[in-house]
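Input: a single structure, listed below in structure tokens.
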Amino acid sequence: MERFGFVGLPNAGKSSLYNALAGGGALAAPYAFATTDPNVGVAIVPDERLTKLAEMSASKKTVDARVEFTDIGGLVEGASQGEGLGNKFLAGIRESDAIVFVLRAFDDQDVPGPSDPLEHLRVVEIELALADLDSSERHLAKARKAARGDKALQVEVDALECAAELLAEGTPLYRSGILEEYRAILKPYFLLTNKPVLAVVNIGEDRRCPDRPDVCSA
Ligand SMILES: Nc1nc2c(ncn2[C@@H]2O[C@H](COP(=O)(O)OP(=O)(O)OP(=O)(O)O)[C@@H](O)[C@H]2O)c(=O)[nH]1
Ligand SMILES: [Mg+2]
């Protein structure tokens, strides 16, 4: 089962998205840090091809694909230095297969916080890069020691050094241009910005095409 971890600023709509996908269960509220403990839920992915195949083969049992979502607390600028809830809760999505950025673009005076999605993206990318910098430096110290006894491990040291340098500049690995070979070597270290990312822009209800209510205008 594929696992997705939601990250974003407080009040971006992570828990609301979680509820829409997983059918409820998470507190969505107009104050920062409504979510403290992670919400983990599963959604079934309907696929009409599977239904047709099941009919054609008269299957006794069909098992739909499922995806798992983890909704965690909101990140704020300086989380790596302990601001807000800090960044330790990111450990809850370290083993996700992909990261979903939830970026707020809706205006609502009853929901505090910025509503510029690019500002949300800026903060989230820096905080994830700093969290990864911290992990890569810890792994680097161990890898250097291990490579003294086994020269074959030097390539891990090289990959971690390269990653740490890029992350220290605030650059997430997924758009750093780091060698694909290094990204593969770094996989077992579960760095958050070494995973595929998907951005969900949470637009307001007012930004929909009147003739296509299912499609947004921006
Ligand atoms: N107007 C409007 N309000 C929204 C929208 N999406 C979420 N909200 C509201 O914004 C508030 C915050 O939403 P949450 O889903 O709790 O946000 P969160 O990202 O989980 O926040 P934290 O858990 O604090 O990090 C709630 O009152 C939601 O009802 C939207 O698209 N439009
Ligand atoms: Mg929440």
Side-chain angles (χ1 to χ4, degrees), residues 2-45 67-132 134 170 172 174 192-193 195-218:
E2 295 279 313
R3 289 164 300 175
F4 293 86
F6 294 174
V7 287
L9 268 58
N11 283 339
K14 299 177 294 298
S15 299
S16 303
L17 176 63
Y18 172 92
N19 285 338
L21 292 167
L27 169 68
Y31 51 84
F33 312 120
T35 305
T36 47
D37 297 323
N39 299 299
V40 183
V42 172
I44 291 171
V45 184
V67 284
E68 186 182 281
F69 302 102
T70 305
D71 166 41
I72 55 171
L75 268 184
V76 290
E77 188 147 29
S80 62
Q81 306 300 318
E83 288 295 321
L85 299 175
N87 68 5
K88 299 279 176 278
F89 62 87
L90 289 174
I93 55 163
R94 205 158 279 293
E95 292 185 19
S96 298
D97 298 295
I99 302 286
V100 178
F101 288 165
V102 181
L103 311 173
R104 172 172 171 180
F106 66 87
D107 289 312
D108 187 334
Q109 58 189 18
D110 296 327
V111 183
S115 57
D116 172 3
L118 290 179
E119 171 60 9
H120 280 240
L121 182 64
R122 181 188 72 79
V123 174
V124 166
E125 283 198 325
I126 287 182
E127 290 308 320
L128 288 196
L130 292 175
D132 279 352
D134 186 53
Y174 54 75
L192 297 168
T193 69
K195 298 177 191 294
V197 287
L198 170 73
V200 173
V201 180
N202 185 6
I203 59 164
E205 298 81 344
D206 50 328
R207 304 210 20 217
R208 288 174 197 285
C209 294
D211 52 338
R212 284 288 307 275
D214 55 325
V215 176
C216 59
S217 59

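First listed ligand is number 1; within each ligand, the first listed atom is number 1. Below, each value reflects all heavy atoms present in this structure, side chains not excepted, and no hydrogens, waters or symmetry copies.
For the 3.5 Å distance criterion, the side chains of Ser80 and Asn87 fail to qualify, holding no donor opposite an acceptor.
Judged by the shortest distance from any of its heavy atoms, Ile203 lies inside the 4.0 Å radius around the atoms of ligand 1. Not a single heavy atom of Tyr18 lies less than 4.0 angstrom from ligand 1. Between Glu205 and ligand 1 there is a heavy-atom distance shorter than 4.0 Å. Put simply, part of Ala29 is less than 4.0 Å from ligand 1, judged by heavy atoms. Using 4.0 Å as the threshold, Asp110 has no heavy atom nearer than that to any atom of ligand 1.
Distance from atom 2 (C) of ligand 1 to its nearest protein heavy atom, with residue and atom name: Phe106 CD1, 3.4 Å. Considering only non-hydrogen protein atoms, atom 7 (C) of ligand 1 sits nearest to Ser16 OG, 3.4 Å. Atom 17 (O) of ligand 1 has Gly13 N, 3.2 Å as its closest protein atom, hydrogens excluded (heavy atom only). Of the protein's heavy atoms, Asn202 OD1, 3.0 Å lies nearest to atom 31 (O) of ligand 1. What sits closest to atom 23 (O) of ligand 1 on the protein, heavy atoms only, is Thr35 OG1, 2.8 Å.
Taking only nitrogen or oxygen atoms, main chain and side chain alike, Gly73 does not reach within less than 3.5 Å of ligand 1.
Two residues are said to be in side-chain contact when any heavy atoms from C-beta on lie closer than 4.5 Å; Pro30 and Asp110 fail this criterion. A heavy-atom distance below 4.5 Å is not found between the side chains of Asp97 and Lys195. Side-chain contact check for Arg104 versus Pro114: every heavy-atom pair is 4.5 Å or farther apart. Leu75 is not listed as a side-chain neighbour of Val123, based on a closest heavy-atom distance of 4.5 Å or more. Using a 4.5 Å heavy-atom threshold, the side chains of Leu128 and Phe101 count as touching. Contact check for Leu27 versus Thr35: no side-chain heavy atoms found under the 4.5 Å cut-off. Contact annotation: the side chain of Val45 approaches that of Val67 to within less than 4.5 Å [non-hydrogen atoms, C-beta and beyond].
Short contacts between ligand 1 and Ser15, defined as distances under 4.0 Å to a heavy atom of the residue, involve ligand atoms 15 (O), 18 (P), 20 (O). If you number the atoms of ligand 1 from 1 as listed, the ones under 4.0 Å from a heavy atom of Pro30 come out as 11 (C), 26 (C), 27 (O). Interface atoms of ligand 1 facing Lys14, defined by a heavy-atom separation under 4.0 Å, are 15 (O), 17 (O), 18 (P), 19 (O), 20 (O), 21 (O), 22 (P), 25 (O). Listed by number with element, the atoms of ligand 1 under 4.0 Å from a non-hydrogen atom of Gly74 are 25 (O). Interface atoms of ligand 1 facing Tyr31, defined by a heavy-atom separation under 4.0 Å, are 24 (O). In the vicinity of Asp108, heavy-atom distances shorter than 4.0 Å reach the ligand 1 atoms 1 (N), 2 (C), 3 (N). Near Ala12, meaning under 4.0 Å from any of its heavy atoms, are these atoms of ligand 1: 17 (O), 19 (O). Of all atoms in ligand 1, numbered sequentially from 1 with element shown, those under 4.0 Å from a heavy atom of Ala34 are 22 (P), 23 (O), 24 (O).
For Ala129 against Thr193, the heavy-atom pair with the smallest separation is N-CG2, 4.1 Å. Shown here for Lys14 and Leu9, the closest heavy-atom pair between the two residues is NZ-O, 2.8 Å. Residues Asn39 and Ser15 come closest through the heavy atom pair ND2-OG, 4.4 Å.
Using a 4.0 Å cut-off between heavy atoms, Ala32 contacts ligand 1 through its backbone alone, with no side-chain atom that close. At a heavy-atom cutoff of 4.0 Å, ligand 1 is contacted by the side chain of Val111 but not by its backbone. For Val102, no heavy-atom contact with ligand 1 is shorter than 4.0 Å. Under 4.0 Å from ligand 1, heavy atoms of Asn11 appear from its side chain as well as its backbone. Residue Phe33 touches ligand 1 through its backbone alone, judged by heavy-atom distances below 4.0 Å.
A salt bridge links Arg122 with Glu77; the closest basic N to acidic carboxylate O contact falls under 4.0 Å.
One of the N, O or S atoms belonging to Thr35 lies under 2.8 Å away from the Mg ion (ligand 2). Residue Ser15: an N/O/S atom is found under 2.8 Å from the Mg ion (ligand 2).
Not counting sequence neighbours, Asn11 has no partner by the side-chain hydrogen bond (donor to acceptor under 3.5 Å, both in side chains) test. Among residues two or more places apart in sequence or in another chain, the side-chain contact (heavy atoms from CB on, under 4.5 Å) test is passed with Ala32 by Pro10.
Taking the six-membered ring for Trp and thresholds of 30 and 60 degrees, Phe6 and Tyr18 have ring planes more than 60 degrees apart, a perpendicular arrangement.
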